[in-house]
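Inspection log for the structure reproduced underneath, given as structure tokens.
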Amino acid sequence: TLGYGNGDKVVHNNIYLKGDLDPSGISSAGAASSGIYVYSSSVSNLVVKNNVVYTDVTCDTVSIKHTCISIPSSYSWGTGASNNNDYFTKTTNSQSYIGNIGSTNYQNLFGTGSWNASTSLDANSVSTDPLFTSSTNLHTNNCVLRQKAIVIAGITTDMEGETRSVSTPDIGADEMHMTLPGRWIGATSGSWNVAFNWCDNTVPSCNTSDVIISPISINMPSITTGTNNAHNLTIQSGATLTLNGGSLNLCGDLNNAGT
């Protein structure tokens, strides 16, 4: 929450808002929640960059909308800006929105009538599930966030003291140091042969791609058609790979702790 200040920086945070604000026995919530809340225009030249904000909040008053970021009407960013963030809300939650300006809520990051269209901010931001390890362990596991941040002077390490990239750091509080080729993420679907479902945007090949399927994925992979390839294949505990109509040509070793 920001009410005053000049040139403040809100950078490289992992913010997780989830749950019911007013469960049984609790008085009804009277106000919205927001991951980053600027409640006064007295905040000037604000920098909001490289943050992960996850919002999946409900309350009894369905007209109340909860957002990743909220700013006053006619707010002036001055020399500041919001960019290179991951603002994510659950699409199944009709009370969770990307952003708020005064009394207007914005459900989408991009497109007609979106947060970006209305503010001209966050052109280099994304809206993707960060895949936190758990609700209490906010390590990120979504490789879409790799190397998508910008360098902030003075920020050289992450939340655990690990060194950040000096040119292409990761969005959020966690520098993932993740190997990209062959790592499944399931960003758009469970289809094995869709490039965007893989961390390096490349469908695996037989000779070079060591495939890792983690239980922390947006969608689990499924092979339904054609002949597909991998070199070594690791299915981690809790993860699944479904073969239903297609085949997998494995050129190396299988390490299967899942199903």
Side-chain angles (χ1 to χ4, degrees), residues 12 14 16 50 52 54 84-86 88 124-135 137-151 157-259:
H12 281 299
N14 284 356
Y16 181 75
N50 303 345
V52 173
Y54 178 114
N84 299 87
N85 300 292
D86 177 21
F88 177 76
N124 297 315
S125 294
V126 297
S127 183
T128 185
D129 191 333
L131 300 178
F132 291 132
T133 298
S134 71
S135 61
N137 182 345
L138 299 189
H139 284 87
T140 46
N141 294 277
N142 189 337
C143 54
V144 172
L145 306 179
R146 286 277 287 132
Q147 302 175 348
K148 295 291 174 53
I150 62 170
V151 175
T157 58
D158 73 353
M159 63 184 185
E160 295 178 310
E162 295 180 341
T163 301
R164 287 194 177 274
S165 169
V166 297
S167 57
T168 54
D170 298 347
I171 293 176
D174 181 26
E175 194 80 359
M176 289 182 277
H177 301 290
M178 180 186 290
T179 301
L180 298 183
R183 184 175 289 271
W184 170 266
I185 196 66
T188 61
S189 67
S191 180
W192 177 283
N193 58 7
V194 171
F196 197 62
N197 286 328
W198 298 92
C199 277
D200 60 344
N201 292 326
T202 303
V203 176
S205 64
C206 181
N207 296 322
T208 60
S209 297
D210 292 334
V211 171
I212 300 174
I213 301 173
S214 164
I216 306 174
S217 300
I218 298 173
N219 297 286
M220 287 296 164
S222 177
I223 293 175
T224 59
T225 186
T227 300
N228 302 270
N229 300 290
H231 187 226
N232 297 317
L233 172 61
T234 298
I235 306 175
Q236 296 179 345
S237 178
T240 62
L241 170 60
T242 301
L243 292 173
N244 183 19
S247 63
L248 177 62
N249 179 31
L250 187 62
C251 303
D253 298 326
L254 172 65
N255 178 10
N256 184 11
T259 56

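Owing to the predicted nature of the structure, the values given are computational and were not obtained by experimental measurement.
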request  = Answer yes or no: is there a side-chain heavy-atom contact under 4.5 Å between Met220 and Thr242?
outcome  = no
inquiry  = Within the 4.5 Å heavy-atom criterion, are Leu241 and Leu233 side-chain neighbours or not?
reply    = yes
Set of residues satisfying ring-ring contact (aromatic ring centres under 6.0 Å, His included) with respect to Phe132, sequence neighbours excluded = Tyr16
query = Is any side-chain heavy atom of Ile213 less than 4.5 Å from a side-chain heavy atom of Pro221?
reply = yes
ask   = Any luck finding a side-chain donor-acceptor pair between Asn141 and Thr133 under 3.5 Å?
value = yes
task = Report yes if some heavy atom in the side chain of Leu131 is under 4.5 Å from a heavy atom in the side chain of Leu145; otherwise report no.
result = no
ask   = Do His231 and Pro204 have side chains that get closer than 4.5 Å, going by heavy atoms?
value = no
request  = For the residue pair Ile171 and Val52, establish whether any side-chain heavy-atom pair is separated by less than 4.5 Å.
outcome  = yes
message = Nearest 0.5 Å, please: how far is CG in Asn85 from OG in Ser127?
response = 11.0 Å
key: Under 3.5 Å side-chain donor-acceptor pair for Asn193 and Ser191   = yes
task = Check whether the side chains of Ser205 and Asn229 place a donor and an acceptor atom closer than 3.5 Å, and report yes or no.
result = no
note = So disulfide bond (SG atoms under 2.5 Å apart) across residues 223-259, not counting sequence neighbours, yields Cys206-Cys251
pair Ser189-Phe196: side-chain heavy atoms closer than 4.5 Å = no
ask   = For the side chain of Asp86 and the backbone of Thr128, is there at least one donor-acceptor N/O pair under 3.5 Å apart?
value = yes
